Amino acid sequence: MTILLKQFIMISVIIETFLRHGTDGSFPHVHRHNTGSLGGELDFLAQFCTMYCIIQLQTIDNVWEPSQARKLGPYFHDGRRRIDYVLTYTVQKPVSMSPTSSGSFVRGLRQSLSRSLRRSTSSAQDDPENASELGCQEDVKRVRREEFEDNLMEMGLELEKDEGTKIPGVGFLKIHAPWDILCREAEFMKLKMPTKKVCPIMIIIQLMKNHNFFNKMTKPLQPNVEDSKMETIKHLSYPFSREKQHLFDLSDKDSFFNSKNRSLIVHGVLKRTKCVRGKHNVGLISLLGNGVYTSAYPLHDVSNTSLLLYDEWARYSIFYKYQPIGLIRKYFGEKVGLYFAWLGVYTQMLIPASIVGVIVFLYGCATLDDNIPSMEICDPRNNITMCPLCDRVCNYWKLVAACGTARASHLFDNSATVFFSIFMALWATMFMEHWKRRQMRLNYIWDLTTFEEEEEHPRAEYEFRTMQKSVRVDSRRERRGKPKKKVSHHFFASTVKLTCTDRMPAYMTTLVMMCFMICATFVVVLGVVLYRIAIMTALQLTQTPATNVRATVKTTAAIINLIIIIILDEVYGALARWLTVPKTDKSFEERLIIKSFILKFLNSFTPIVYLAFFRGRLVGRPGSYIYVLSSFRMEECAHAGCLMELCIQLCITMLGKQLIQNNLFEIGIPKLKKMLRRRKTGMDTQEEELEKKLRRHEKDHFLGPFIGLSPEYMEMIMQFGMVTLFVASFPLAPLFALLNNVIEIRLDAKKFVKELRRPLAARAKNIGIWYTLLRGISKVAVIVNAFVISFTSDFIPRLVYQYMYSPDGTLHGFVDHQLSFFNVSHFRPGTEPLEPMLGNQKVEVCRYKDYRDSPWSDTPYDFSREFWCILAARLAFVIVFQNVVMLMSDFVDWLIPDIPKEINVQMQKERTLFVEMFMKEEQGKRILWNNQGESPCHLSTHPLSDYLCTVLPRSNVGNEHLE
């Protein structure tokens, strides 16, 4: 039966070739584009024969397939070749067949037939009439896939298709890079690989000697992995070269390039491979965007590395342990490793900040009963009548009603607040310096000190725009009667550049949309302000106690702000991505980060800035209040100031974003997406049984796609802003951030190990633009905290009263000093309270918090001399605080070197060892030259060889100069 099938296939191939190309004498040549009836029938018959042959070959594959059990690991069907990368695509009608390997006779024959059919289909696509007859979009995608796969095989990669999987409608293209391709690409990418030469790491040896006791104490905190142990020797790394293979340990070629490097190499080949058939020049990103392929990802490793990462990193029960940064880098790459190293350093630095913040809070609690202003407010003997808080419906009230707010404000508004603000400014500087030194150590350990980023390929969106421009140029030349350029569109599009004129519409759209979204943020804040005013007025009409009214309005407004912030964060993130279309991936990422940061920063901090610096200052005075929309009176702060409301807003925003946006969304949304993917592919039933039968590439298909580290960094940058910018009003912010980050590290670890597809092992030597944003926030934090202490809290008014106006040098009488008088007969008509009585007495004079002259003075209700003295003191404090703290921060920055001294010494020692190693190599070659009579310059291509042959005379090159 098999012999008959083979004969039938060969006959079909001969018939197809004969009908398509003709013979040299016996049959007239029929062209492919012949539109006659005979040509159309022959072309249809040729395509039918080819398709039938492919089906027969797939059937024979089932007969010829070896009967060995398939491995569930990341390997080809033969169980030997490793899967380095996977592309998935949509299959119209899943068929039950074995995967087709690229290493059999049937594979070669079928690919020959497929290419023959593809040539005819592609020609039909180039012709619009034939393309309309062909008609099916899936056929176009299939042709593009086959062309791309042919180009991959020409690059030396080995492919294997798997369409008969347990996932209906999904096909897998498994890619394997053989040894020679790995060597070629590693040399091209200048991958540093460990050599046989080892070097003792003196800094580790000295550290182990000096901190032996500390190492024993922290041993329970170390993860139980080999990479976490401090090694005293290090293999020198050198860029891989096929001509220098003797420098490397190639005893085990299967493990020399680990799975991280293999996937990185294959990804580099995929990025360089293009589809150039027809009038388009598209790469893998464009194919993914057009739906030709649905996803592309490397596979998770089923070795001990992934199991160790889960056991020693991704479990919540080991939250107290250090992270295995070396193992993370080994599995996920340097970029992911740097993120988790940075997150670990940030979390560790939050420990001292949290301790000091708790001490400041406890100091406020301990001195609560000794605070003279709050004691005066709470003293019922101080029978002070205050002016109404709103027009008409609000009545006069006693100052003693603000006792609870005044006592609570002292917890966050005390003399220790200034010290804590200075401490946090220096803490931010210490954190930045500590991270720079830690980053440099990691660069040395990971051999990234000489790493240079490669030239990046244009993004798919940029290529599409250049292609559109090339089409417009051609059409313009045709209208002018000029001949078209005799170059293919893909070549012309690759040489076309987008000028400022071409980019101007995008720039204007970005500018307009950014301004619109910023204005939308301000409108939202104004809406919440109007909500607070309206709700307070409505609650006053119901005769609700004033204390309950303020508590209700504060809490509900803060919750509404939180919900709006979370919603707008998602909207702004999507819009920022839509507005960003630069040329390369790096510029795209940086510009996207800048746009997202500006929008999200304003979204998160605009309500807080309003509470800190504007609320209660644009109110006016009794009898001359400022109104919004002609009917809403601007809201006032409580008697103890707006610091308490600012603290409540910060607390709810920070905790809400951490619990809902950072944790709940990160846990719930990936699980929901995974469930939807399973339901879409019909895998939602009998999940456990099917999970055991799925192969590695099929399991990874159900994992969430990796979308980059920008969302993770953005969460922490916003948190860093919460911790540093308004820390003067909320000293417990570092503690809440520390508790969140302890969970965040394990949550992100579990997400990377179990919930997401394995990210590409991208190389990087720093955290990029995020460090610039951190430094910017730390500088702005000094100014913001200076203004919070000076203008939001009562620290400066208390200080001025104590040293300028107090008769006994204490704060006795401070409450009365900051209250002004108002004659109730001066209310504007229609704004006076409906009830002129307070208790059984008619109110003639009420008090309000401001520094103004009394109504019986020569300048009634003008700002008093005390107001100008306090304003001058506030501005002077801002200037002094800002300059002193920044000077201290810069001094700390100058005092601590960016590169540790021991790292410099160790790097110099490694360079010396490299020179010695190559000198000995040249010595051996020169001895060989003396024995054989050949020049050693022809035996080596290393630059050191050229130097020795050019600079050193032959007579002087001896053992005494080479040792």
Side-chain angles (χ1 to χ4, degrees), residues 58 61-62 65-66 68-91 94-104 106-108 110-111 114 141-142 144-182 185 254 257-271 273 284 287-288 292-303 306 681 693-703 705-706 757-761:
Q58 291 172 349
D61 264 354
N62 290 333
E65 188 67 39
Q68 60 179 355
R70 296 184 179 182
K71 294 185 178 181
L72 299 181
Y75 295 96
F76 274 22
H77 186 60
D78 55 18
R80 297 186 303 272
R81 290 172 293 173
R82 185 183 185 87
I83 302 175
D84 299 321
Y85 218 87
V86 170
L87 302 178
T88 65
Y89 53 92
T90 303
V91 179
V95 293
S96 177
M97 62 181 178
S98 301
T100 60
S101 174
S102 61
S104 63
V106 178
R107 187 272 309 164
R110 183 170 60 253
Q111 286 181 352
S114 299
K141 294 180 180 180
R142 176 181 55 79
R144 290 296 177 202
R145 280 198 302 270
E146 292 175 349
E147 179 184 354
F148 185 71
E149 291 159 13
D150 284 347
N151 295 337
L152 290 180
M153 286 189 289
E154 290 178 1
M155 294 289 291
L157 299 179
E158 297 180 2
L159 312 179
E160 183 179 79
K161 282 190 174 182
D162 193 357
E163 298 181 354
T165 65
K166 299 178 180 62
I167 307 177
V170 179
F172 296 90
L173 177 66
K174 297 174 284 187
I175 304 174
H176 169 76
W179 170 255
D180 55 340
I181 303 302
L182 293 173
E185 296 298 322
D254 292 336
F257 293 104
N258 56 23
S259 59
K260 178 197 73 172
N261 290 330
R262 297 177 71 98
S263 62
L264 184 63
I265 289 172
V266 173
H267 181 75
V269 177
L270 291 174
K271 287 180 65 175
T273 306
L284 177 61
L287 296 176
L288 289 170
V292 178
Y293 292 103
T294 55
S295 60
Y297 52 89
L299 297 183
H300 276 287
D301 202 346
V302 293
S303 63
S306 59
T681 55
K693 299 179 182 179
L694 292 178
R695 303 185 68 183
R696 182 71 261 172
H697 60 276
E698 296 170 336
K699 292 179 181 179
D700 286 7
H701 175 73
F702 291 108
L703 301 179
F706 176 71
R757 294 171 186 163
R758 187 176 182 180
L760 181 70

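Not measured: the values here are computed from a predicted model.
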Heavy-atom pair of closest approach, residues Gly171 and Val91: N-CG2, 3.4 Å
One should read off an interatomic distance between Leu264 CG and Glu185 CD, to the nearest 0.5 angstrom, of 10.5 Å
d(Ile265 CD1, Ile181 CD1) to nearest 0.5 Å is 10.0 Å
Compare every heavy atom of Glu146 with every heavy atom of Lys161, then report the nearest pair and how far apart it is. NZ-CG, 4.5 Å
To the closest 0.5 Å, what do you measure between CG (Leu157) and CD (Glu149)? 11.5 Å
Let me confirm one number: the CG-CG distance from Leu152 to Leu87, rounded to the nearest 0.5 Å. 7.5 Å
Would you say Ser306's side chain and Asp301's backbone share a donor-acceptor pair under 3.5 angstrom? yes
Is a donor on one side and an acceptor on the other found under 3.5 Å between the side chain of Glu163 and the backbone of Phe172? no
Passes side-chain contact (heavy atoms from CB on, under 4.5 Å), Ile175 versus Glu158? Steps please. CA-CA 6 Å; Ile175 304 174; Glu158 297 180 2; over 6 Å; no
Evaluate Arg695 against Glu698 for salt bridge (charged side-chain N to carboxylate O under 4.0 Å, His left out), listing each step before the verdict. CA-CA 5 Å; Arg695 303 185 68 183; Glu698 296 170 336; over 6 Å; no
Nearest atoms (heavy-atom pairs only) where Ile83 meets Lys174: CD1-CD, 3.3 Å
How close do Ser259 and Arg82 get, counting heavy atoms only, and between which atoms? CB-NH2, 3.6 Å
Rounded to the nearest 0.5 Å, what separates atom CG in Leu270 from atom CG in Leu287? 10.0 Å
Do His267 and Tyr85 have side chains that approach each other closer than 4.5 Å (heavy atoms only, starting at C-beta)? yes
Can you tell me how far the CG atom of Leu159 sits from the CG atom of Leu173, to the nearest 0.5 Å? 5.0 Å
Glu160/His176 under side-chain contact (heavy atoms from CB on, under 4.5 Å): CA gap, chis, key distance, verdict: CA-CA 8 Å; Glu160 183 179 79; His176 169 76; over 6 Å; no
Would you check if the side chain of Arg81 reaches a backbone N or O of Phe76 as a donor-acceptor pair within less than 3.5 Å? no
Looking only at heavy atoms, which two atoms of Pro759 and Pro298 are closest? And how far apart? O-CG, 4.0 Å
Taking side chain to side chain contact (heavy atoms under 4.5 Å, CB included) as the test, write out the residues that go with Leu288, two or more places apart. Leu284, Tyr293, Ala296
Start with the C-alpha gap between Thr294 and Thr88, add the side-chain angles, then the distance that decides, and say whether side-chain contact (heavy atoms from CB on, under 4.5 Å) holds. CA-CA 5 Å; Thr294 55; Thr88 65; 2.6 Å; yes
Of all heavy-atom pairs linking Arg757 and Ser295, the shortest is NH1-CB, 3.3 Å
I'd like to know if the side chain of Arg144 reaches the main chain of Val292, judged simply by a donor and an acceptor atom lying under 3.5 Å from each other, with no hydrogens or angles considered. no
Can His697 and Tyr297 be said to form a ring-ring contact (aromatic ring centres under 6.0 Å, His included), step by step? CA-CA 9 Å; His697 60 276; Tyr297 52 89; 8.8 Å; no
Please enumerate all residues that pass ring pair (Phe, Tyr, Trp, His ring centres under 6.0 Å) together with Tyr89, with sequence neighbours excluded. none
Is it the case that the side chain of Asp700 and the backbone of Leu299 share a donor-acceptor pair, with hydrogens and angles ignored and the cut-off at 3.5 Å? no
Listed partners of Arg758 passing salt bridge (charged side-chain N to carboxylate O under 4.0 Å, His left out), at least two apart: none
